[in-house]
Amino acid sequence: MSFPLLTVTAAVPAVGAILTAAVPAARRTAAKWLALLVSLATLALAAVVFVRFEPGGERYQLTESHTWIKDFGVRYELGVDGIGVALIALTALLIPFIVLAGWHDADPLETSSKRWRPTQGFFALILMVEAMVILSFEATDVFLFYILFEAMLIPMYFLIGGFGDRAHSGSDENAAAQRSYAAVKFLLYNLVGGLIMLAAVIGLYVVAGNFSLTEIAEARANGTLEMATSTERWLFLGFFFAFAVKAPLWPLHTWLPNAMGEATAPVAVLITAVVDKVGTFAMLRFCLGLFPEASKWATPAIVVLALISIVYGALLAVGQRDIKRLVAYASISHFGFIILGIFAMTTQGQSGATLYMVNHGISTAALMLVAGFLISRRGSRLIADYGGVQKVAPVLAGTFLIGGLATLSLPGLAPFVSEFLVLVGTFARYPVAGVIATTGIVLAALYTLVLYQRTMTGPVKEEVRTLPDLRARELAVVVPLIAVLIFLGVFPKPLTDVVNPAVQHTMSDVQQKDPSPEVEAAK
């Protein structure tokens, strides 16, 4: 038996989570270092997966398959394609920075109710989420994926509800109520989506007789599995609804601003840069892979919803007074671009959408974590409470600006490449949709630059005069993320080489080819 690299990559953070939680309460610092070392070990394993993956090889590589629940045909079946490899690398890259950024976010804090924050639990929950997300990117058994898709909600619920942002106006009781509301809303939205998906998973088993993604795809290709058009469309809708909640897509997005606003900045990054990517990844792997006809049937409606997400999210970001909620609405707009690229049904669009998942994760992490450092200094999330920060903390202001410029997809930074490909792919098949989507770029420039102007420029407010600049630990978080943004903005080839073959397979699944360019005949 070959070495189970995929299993080990997911098992290391899972075991690390258990060990971190078991550290004695008096050894908080030891728990932090253990979590950081485990996250770095996972990053090293993810790098091995990335290096061992052969872009021109089999579609699913490093595969593992073992019987799990024999009577129901459920298998522990893993394999990665280029899209999965890229997202595993993103997840493993971000978790060490999330751990470092949240180094003091769960330190003991006595509140009016005399309750203390369990530091070990905070870092253990982060590692457990990492393990489940990585395994969800590896799962090629639909039932195994569903279990992971739902299970990751549990640690996320406790991270949002139990470890909220300390920069909260009002009493401790009001802050706790807001955190509880955000956590419950997050859980209910995603549970409803998961329950609808469960019905679709059961329906898929009734039709196909198994849960194996590869076996179902092969059966459909060779004609041994026929699915009625109405059945396929209903099953598609069941899967897509759950993924659209997770993504999130308008109008199923309303849980995200609450969750990101009430969570600590590192947990907010975990939500939008890591966990939400499972939804858009699953659209490519399961919606398009299992239900190609239904995917094409639903494309016009999904393109409209994606365009609404792009414009609506950007417009609400412009009007926000809360820094973290602004980033949340900006992310809704960006997820609209990702979903638009997926359902443009072109190689450029889907390659751009996959790159967008990676680049959005890195750029959002850079912006949100710097914003978190700023908020922790001032103790307020309100934009109006800042002004002139660049004069007292120039490094913080400079890194905040770079993160913001990446968010608006400035050329030379990584998100520009992905957004450009999404728009090119969309214009090729849906030119009107491409024109509407470009309004999101204009609005992104507006909310990003206005945010920077109001917080960093102008007269120095009295409350920010004593703000310290970024410290060594904070620089260790921000500088590598900015370096990756610049590198992938100038040289995206390492990612495109891995992603493009997987996109070709997806295009083959839905039996789509890129539109031929229209060239006027010479007179």
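Keep in mind that this is a model prediction, so the values were computed, not measured.
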Would the distance check show the side chain of [X] and the main-chain N or O of [Y] forming a donor-acceptor pair, the cut-off being under 3.5 Å?
X    : Y    : result
S376 : F373 : yes
T407 : G403 : yes
K461 : A384 : yes
E64  : L6   : yes
Q320 : L316 : yes
S180 : A177 : no
R285 : A139 : yes
N359 : A414 : yes
D141 : E77  : no
W255 : A183 : no

Does [X] reach the side chain of [Y], with side-chain heavy atoms less than 4.5 Å apart?
X    : Y    : answer
P266 : F97  : no
V74  : L144 : no
Y329 : L315 : no
L326 : I383 : yes
L413 : S363 : no
L135 : L78  : yes
L187 : V184 : no
L374 : M456 : yes

What is the minimum heavy-atom distance between [X] and [Y], and which atoms define it?
X    : Y    : result
L495 : A86  : CD2-CB, 4.1 Å
Y447 : A317 : CD2-CB, 3.6 Å
L270 : M156 : CD2-SD, 3.7 Å
I310 : G336 : CG1-C, 3.6 Å
A444 : T448 : O-OG1, 2.8 Å
R28  : T119 : CD-OG1, 3.1 Å

Taking the six-membered ring for Trp, are [X] and [Y] parallel (under 30°), tilted (30 to 60°) or perpendicular (over 60°)?
X    : Y    : answer
F337 : Y356 : parallel
F143 : F211 : tilted
H360 : H334 : perpendicular

Distance check, rounded to the nearest 0.5 Å: [X] atom [atom1] versus [Y] atom [atom2]?
X    : Y    : atom1 : atom2 : result
T9   : L62  : OG1   : CG    : 8.5 Å
E138 : L5   : CD    : CG    : 8.0 Å
L127 : I18  : CG    : CD1   : 10.5 Å
Y146 : F286 : OH    : CZ    : 13.5 Å
R454 : R321 : CZ    : CZ    : 11.0 Å
K324 : N258 : NZ    : CG    : 12.0 Å

**Request:** Determine, stepwise, if the pair F186 / Y157 fulfils ring pair (Phe, Tyr, Trp, His ring centres under 6.0 Å).
**Result:** CA-CA 7 Å; F186 162 82; Y157 169 80; 8.0 Å; no
**Prompt:** Considering the options D276, L90, T280, which one meets the side-chain contact (heavy atoms from CB on, under 4.5 Å) requirement together with M357?
**Reply:**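 When D276, L90, T280 are each tested with M357, the side-chain contact (heavy atoms from CB on, under 4.5 Å) holds only for T280.
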**Prompt:** Applying the side-chain contact (heavy atoms from CB on, under 4.5 Å) test to I339, which of L305, V422, I302 qualifies?
**Reply:**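 One option only clears the test, and that one is I302.
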**Request:** Report the C-alpha separation of T254 and Y189 in whole Å, then their side-chain angles, then the decisive distance to 0.1 Å, and conclude whether the side chain to side chain donor-acceptor pair (under 3.5 Å) test is met.
**Result:** CA-CA 9 Å; T254 59; Y189 266 68; 2.7 Å; yes
So does [X] have more than 12 non-hydrogen atoms from other groups sitting under 6.0 Å from [atom1]?
X    : atom1 : answer
W68  : CH2   : yes
R378 : CZ    : yes
R473 : CZ    : yes
F158 : CZ    : no

**Request:** With sequence neighbours excluded, tell me which residues meet salt bridge (charged side-chain N to carboxylate O under 4.0 Å, His left out) with E474.
**Result:**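 E474 satisfies salt bridge (charged side-chain N to carboxylate O under 4.0 Å, His left out) with R377, R471 only.
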**Prompt:** Judged by modelled atom types alone, do T7 and Y76 share a side-chain donor-acceptor pair under 3.5 Å?
**Reply:**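 The answer is yes; a qualifying pair exists.
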**Message:** Quick one, F163 with V267, criterion side-chain contact (heavy atoms from CB on, under 4.5 Å). Give me CA distance, side-chain angles, the key distance, then yes/no.
**Reply:** CA-CA 9 Å; F163 301 91; V267 173; 5.6 Å; no
**Request:** Would you check, one step at a time, whether the test side-chain contact (heavy atoms from CB on, under 4.5 Å) holds for I332 with W250?
**Result:** CA-CA 8 Å; I332 291 169; W250 183 91; 5.6 Å; no
**Request:** Begin from the C-alpha positions of F335 and H253 and carry the test ring pair (Phe, Tyr, Trp, His ring centres under 6.0 Å) through to its verdict.
**Result:** CA-CA 10 Å; F335 274 103; H253 67 285; over 10 Å; no
**Request:** May I have the step-by-step check of side-chain contact (heavy atoms from CB on, under 4.5 Å) for V417 and L488, ending in yes or no?
**Result:** CA-CA 8 Å; V417 179; L488 292 178; over 6 Å; no
**Item:** Residue pair K246, N190: steps toward the side-chain contact (heavy atoms from CB on, under 4.5 Å) verdict
**Value:** CA-CA 7 Å; K246 182 84 78 178; N190 284 274; 3.8 Å; yes
**Message:** Apply side chain to side chain donor-acceptor pair (under 3.5 Å) to residues E262 and Y181 and explain how you reach the verdict.
**Reply:** CA-CA 9 Å; E262 297 304 323; Y181 173 79; over 6 Å; no
**Message:** Filter on side-chain hydrogen bond (donor to acceptor under 3.5 Å, both in side chains), then keep only pairs touching residues 38-51, sequence neighbours left out; what's left?
**Reply:**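 Pairs touching residues 38-51 that pass the test: none.
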**Asked** Do D322 and R381 meet the salt-bridge criterion of a basic N to acidic O distance under 4.0 Å?
**Response**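 Answer for the salt bridge query: yes.
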**Asked** Is the charged tip of K32 near the ring of F123: under 6.0 Å from the six-membered ring centre and within 45° of its axis?
**Response**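 No, K32 does not lie over the aromatic ring of F123.
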